[in-house]
Chemist: 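Before anything else, here's the structure in question.
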Amino acid sequence: DGGITQSPKYLFRKEGQNVTLSCEQNLNHDAMYWYRQDPGQGLRLIYYSQIVNDFQKGDIAEGYSVSREKKESFPLTVTSAQKNPTAFYLCASSDGDRGSGANVLTFGAGSRLTVL
Amino acid sequence: GQSLEQPSEVTAVEGAIVQINCTYQTSGFYGLSWYQQHDGGAPTFLSYNALDGLEETGRFSSFLSRSDSYGYLLLQELQMKDSASYFCAVRENSGNTPLVFGKGTRLSVIA
């Protein structure tokens, strides 16, 4: 079955360490996104990529970095520069500008990062 | 700036009907979507409106009025499993651009 796989599901990090969250999709979707969710809050956009080898900053990109070397993969690195990284991170993809396709996001199960 | 407003919490009785409203102020508009998220889970797509009017999908319906920058999600015949958070989201630009999400409405269905 097609879908998005995020790993790890839970991650603990010490302050000052960089961590990379994996996101892989086999839906053949062009666009991929990273959102951050804090308790009781909505989803805030970190980065997104519309095509391979290209990505754009979202509303809260500071302290994060991404790469898009393959269509299937869009890893997110949470760097030590991120002041408050403890959150639930969600990766998503969409099918491009085919009518309503871009409005339908498919999400992964999420990665919960806790900084100790 | 961009903003989407929706109630933070709603409580309804099993078997009843509930409406979750969403008003938006965005620089552009290319559709209003609704997503459901159970505690600890990932959001899942429920419905999408690009044009004014009502879209029905089983027990769920979604409505849009572009002139009022307003939409709602209607859930009928509520079941306990409908207890979840519901997010409205707007796409501001054409093409494969990100959605802007509201903060979500937590729906509690009680017996």
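Not measured: the values here are computed from a predicted model.
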Chemist: So for atom CD, which belongs to A/Q56, do other residues, nucleotides or ligands contribute more than 12 heavy atoms lying within a distance under 6.0 Å?
Modeler: yes
Chemist: Only one of A/D59, A/I46, A/L45 clears side chain to side chain contact (heavy atoms under 4.5 Å, CB included) with B/P98; which?
Modeler: A/L45
Chemist: Is any side-chain heavy atom of B/F101 less than 4.5 Å from a side-chain heavy atom of A/Q37?
Modeler: no
Chemist: So for B/Q37, is it side chain, backbone, both, or neither that comes closer than 4.5 Å to the heavy atoms of chain A?
Modeler: side chain
Chemist: Could you tell me whether B/Q19 atom CD has more than 12 heavy atoms of other residues or ligands within 6.0 Å of it?
Modeler: yes
Chemist: Compare every heavy atom of B/A42 with every heavy atom of A/A109, then report the nearest pair and how far apart it is.
Modeler: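 Answer, listing the atom of A/A109 first, then B/A42: CA-CB, 4.1 Å.
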Chemist: For residues B/Y86 and B/Y24: do they belong to one hydrophobic cluster (side chain heavy atoms under 4.5 Å, members Ile, Leu, Val, Met, Phe, Trp, Tyr)?
Modeler: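 Linked, B/Y86 and B/Y24 end up in one cluster.
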Chemist: Which region of A/L43, side chain (C-beta onward) or backbone (N, CA, C, O), has a non-hydrogen atom less than 4.5 Å from a non-hydrogen atom of chain B, or is it both or neither?
Modeler: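 Contact with chain B involves both backbone and side-chain atoms of A/L43.
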Chemist: Go through the structure and list residues passing side-chain hydrogen bond (donor to acceptor under 3.5 Å, both in side chains) with A/Y64, not counting sequence neighbours.
Modeler: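 Once residues adjacent in sequence are excluded, the partners of A/Y64 under the side-chain hydrogen bond (donor to acceptor under 3.5 Å, both in side chains) criterion are A/R36, A/Y89.
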Chemist: Report yes or no: do A/V78 and A/I60 belong to one cluster of Ile/Leu/Val/Met/Phe/Trp/Tyr joined by side chain heavy-atom distances under 4.5 Å?
Modeler: yes
Chemist: Is the backbone of A/L105 close enough, under 3.5 Å, to the side chain of B/Y35 for a donor and an acceptor to pair up by distance?
Modeler: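 Yes, B/Y35 side chain to A/L105 backbone: donor-acceptor pair under 3.5 Å.
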